[in-house]
Amino acid sequence: MRNILLTISLLFLFVSPLAAQTQSSYLMRIDSIRHTMPSLKDKQLLEAYYKIYNLYYYAGDVQRERQSIDDLLEEAEHQKDVKMQGTARTALLYYYYNNDLNDSLLSEFPKQQEFFLKNSDWKFYYDTWILIVNHYIFTSQSNTALREVKKMYEDARKRENQYGIGLASYGMGNAYMDIGFHEEAIQAYERCIKTLRHFDAGSSTLLDVYPYYCSVLSEVKNYKRMLEVTDLWHAYLDSHRKELGLDSEKSANSSYYTYCYNSRATALMGLGRLQEAEDLLMKAYEATKDVRDNAQLTVFYNMGQLYSKMGDYQKALDFNNHIMGTFVDDDDVSGRLMIKKQRAEIMLQSHRFEEAASLYKEVFFLADSLNINSVRNQLNEFNTLFKVNELEKEHQQAKARQAYVVLGVIIAALLLVGLLGVYFMNRLRQKNRELAIALDHAQESDRMKTSFIQHISHEIRTPLNVITGFSQVIGNPSFKLSTEERAHIVESINTNTHEITNFVNELLEFSENESQNHYVISDCIHVNPFCQEIMKMVEVVNNGRLELIYEPQVDDRLTVDSNRMALERILKQLLNNALKFTEKGSVRLRTRVTDDGTKLEIAVADTGIGIPEDKRERIFEKFYKVDSFKPGLGLGLPMAYRIAHMLGGDLTLNREYSGGACFLLTIPLNNPNKFGG
């Protein structure tokens, strides 16, 4: 974690003059500065304290570093230098962070934030806030990190602070990448780069963003974009050589450039440009062959990948062996998994099937161990996040109806998550008995399990937090509430309970639909009365907010052979979606007979935000959401699409409609499967 401190703006200007010095030279400089301090006054004295702090940091003297921060803060307060006070307070938080003093970090953070807020020091305000977000990520509390960074993002947006927006976007990208939401991570990193590239204060953050961004692009195999990003990355490094302490000759041998070369080589391999990748990796190899750090590890790993693709399996194994013997500890389960998986793939490609099978078996067990720990950590975080134990205790004391509802919902949610975890872990163990052939299936099952749990915990968190907070207020007899306040609290609890109930109902409805292979075509539906009835149901939800319009273009006597319940389910889903994404204007329902006279077309059009061109291909995927901030699990459109096909019809997006979003449902007028099983 300490290397993160090297890239924050607090110390950015000190990397060059200090990085190459030995510990003894640091101590000599400290003695020299202390010798001159009795003759210094005001700003010169304050600057001397600041230099001593930096020297102790680079010397790795943790105890004296801590004391030097206190000395710097005391002198800054004495001189009433607000800017240097902010620097010392930020250094204190980074000291706790770099030395894993998590309790001190979390307890000290609010006090320092209050100081930055009071003095409108927005740079340190957001620099320290992102520190807390990274703390949650590095301690496997990704959902908590995501909640925190969204608060930070909204805070920066309200203040129209572009630096805060850029920094929060960086943290959001890290949190999304950690929980496997790759598309959301990519959007966040793009927003961060776009926002911070014009800020001198944001240059140090970009030093971290580029490698993370390339990593997630590699995960989704967008190698063309990776090449473009590494061009931007390399240009950024060239423009900041002086701040990084590099000259032109040293650039090629620095770890800053080595990570960039590695990412570019990965992209070139993905595009099949192996010779270019080899030239680049050899350059990185020469730069790192005499050191032992993470930069060298990534070079060796990529060399193994490259030679495996080129068919030189012995060279690939040599690099793999070197990593295993030099870098990977027995306690590093994820590291061993990565290297053993690479070795198994090399064996498989070189037709050494027996050795490959044995290695894949080890890979399965290691992956299973990591998955179990991951699920356990998620459940522990879920339990901590919602403070289940405290909530149960308060429910027993309060004996209020709303409190029992909350407890029931939380227990149901935990049981649901637990059962899903048990189900998918059992399924994964069963898959582990299969060797290389079953590898892809096991990985897909694991991905679906993780995505499912993440979506549920992500969507249910906000209403549960509201219910938990208000229930604590109601259940505590020391709180004196007026009738209006109590009514408002009860209304908020009921509203959020209803929202959670909707999530559960959506899951149950989706599960029921997934288990159904067909719908019996047993109803003769009069189209116009049926659609008018649907619009009345939706108006209950709309409550006069938008204009709901039914535009029939069919004869009043027209009927259609279908399943009434299934058709109602599709239309209610489409109309409710239209209400959700429309702030003002109207929602229209149109009916007409297709030109060939064989089908009924029902259009649902709104004047809402519409669907961006680059996201239209994925709207019918399970769990995909165009706007991650909107409520829902991303199951409605996939379910409606599946039902439409089971009715013998289709559901599509009208790409020519530009006033918002328009979905077209077509079903046969006279279904040949009527009354059929």
Side-chain angles (χ1 to χ4, degrees), residues 207 210-238 241 244 246-328 334-353 355-356 359 363 436:
L207 197 64
Y210 282 116
Y212 284 132
Y213 184 23
C214 286
S215 176
V216 75
L217 287 173
S218 177
E219 287 289 331
V220 298
K221 296 180 171 53
N222 191 346
Y223 301 118
K224 183 178 179 181
R225 180 56 182 156
M226 273 186 75
L227 283 183
E228 296 171 354
V229 173
T230 53
D231 285 337
L232 296 173
W233 186 359
H234 197 279
Y236 158 78
L237 291 173
D238 287 345
R241 281 193 185 122
L244 297 173
L246 302 173
D247 55 35
S248 299
E249 295 180 0
K250 293 179 180 178
S251 295
N253 294 328
S254 74
S255 60
Y256 297 112
Y257 281 85
T258 302
Y259 283 119
C260 183
Y261 297 152
N262 266 305
S263 294
R264 188 170 184 84
T266 299
L268 290 169
M269 283 190 283
L271 295 171
R273 295 158 62 176
L274 302 184
Q275 187 56 57
E276 293 175 71
E278 184 179 23
D279 294 342
L280 204 57
L281 284 175
M282 288 305 298
K283 188 176 181 180
Y285 173 72
E286 287 299 320
T288 61
K289 65 181 181 180
D290 296 326
V291 296
R292 181 180 180 273
D293 60 9
N294 286 332
Q296 187 190 67
L297 187 151
T298 55
V299 171
F300 285 4
Y301 180 82
N302 274 341
M303 294 291 274
Q305 294 292 94
L306 172 69
Y307 286 121
S308 179
K309 288 179 179 291
M310 297 177 74
D312 193 339
Y313 302 116
Q314 188 53 54
K315 274 190 178 180
L317 286 174
D318 289 342
F319 280 104
N320 182 273
N321 286 333
H322 186 75
I323 294 174
M324 184 63 75
T326 307
F327 291 96
V328 181
S334 59
R336 285 193 292 131
L337 174 62
M338 179 183 74
I339 303 307
K340 284 186 178 293
K341 183 179 177 183
Q342 183 191 56
R343 188 175 186 82
E345 290 170 352
I346 296 170
M347 293 296 186
L348 187 63
Q349 292 170 17
S350 61
H351 300 153
R352 295 163 67 172
F353 298 117
E355 293 169 272
L359 282 166
V363 167

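The analysis underlying the following values was restricted to heavy atoms, covering all of them including side chains, and did not include hydrogens, waters or symmetry mates.
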Handout entry: Side-chain heavy-atom pair M303, V299 within 4.5 angstrom cut-off
Key = yes

Exercise for the section: Let me see the working for D238 and Y257 under side-chain hydrogen bond (donor to acceptor under 3.5 Å, both in side chains), right down to the final yes or no. Expected result: CA-CA 9 Å; D238 287 345; Y257 281 85; 2.5 Å; yes

Exercise for the section: Would you give the length of the straight line joining atom NZ of K340 to atom CD of E345, rounded to the nearest 0.5 angstrom? Expected result: 14.0 Å

Handout entry: is_close_aromatic(Y236, H234), centroid dist under 6.0 Å
Key = no

Exercise for the section: Measure up the Y210 and W233 rings against each other and bin them: parallel (under 30°), tilted (30 to 60°), perpendicular (over 60°). Expected result: parallel

Handout entry: Interatomic spacing from OH in Y301 to CG in L281 - rounded to 0.5 Å
Key = 12.5 Å

Fill in the blank from the handout: For A316 and G304 the tightest heavy-atom approach is CB-O, 3.4 Å

Practice task
Kindly determine whether Y307 and Q314 satisfy side-chain hydrogen bond (donor to acceptor under 3.5 Å, both in side chains), including the steps that lead there.
Solution key: CA-CA 8 Å; Y307 286 121; Q314 188 53 54; over 6 Å; no

Handout entry: Between S308 and Q349, a side-chain donor and acceptor under 3.5 Å
Key = yes

Completion exercise
For A277 and A265, the nearest pair of non-hydrogen atoms, with its separation, is CB-O, 3.8 Å

Fill in the blank from the handout: So CG of N320 and CD of Q342: to nearest 0.5 Å the spacing works out to 5.0 Å

Practice task
Answer yes or no: is there a side-chain heavy-atom contact under 4.5 Å between M310 and E278?
Solution key: yes

Practice task
Calculate, to the nearest 0.5 Å, the distance between atoms CG and CE belonging to L306 and M282 respectively.
Solution key: 10.0 Å

Completion exercise
So side chain to side chain donor-acceptor pair (under 3.5 Å) across residues 213-224, not counting sequence neighbours, yields E190-Y213, Y213-R225

Problem - Side-chain donor/acceptor of N321 to backbone N/O of L317, under 3.5 Å - result: yes

Problem - Sidechain-backbone polar pair: R264 side chain, L227 backbone, donor-acceptor under 3.5 Å - result: yes

Exercise for the section: Would you indicate whether the side-chain heavy atoms of L217 and V229 approach each other to under 4.5 Å? Expected result: yes

Problem - Interatomic distance, M269 atom CE to M226 atom CE [nearest 0.5 angstrom] - result: 9.0 Å

Fill in the blank from the handout: In terms of heavy-atom contacts, M347 and E355 come closest through CE-OE2, 3.7 Å

Problem - Spacing of OH belonging to Y259 relative to CG belonging to L237, to within rounding of 0.5 Å - result: 13.0 Å

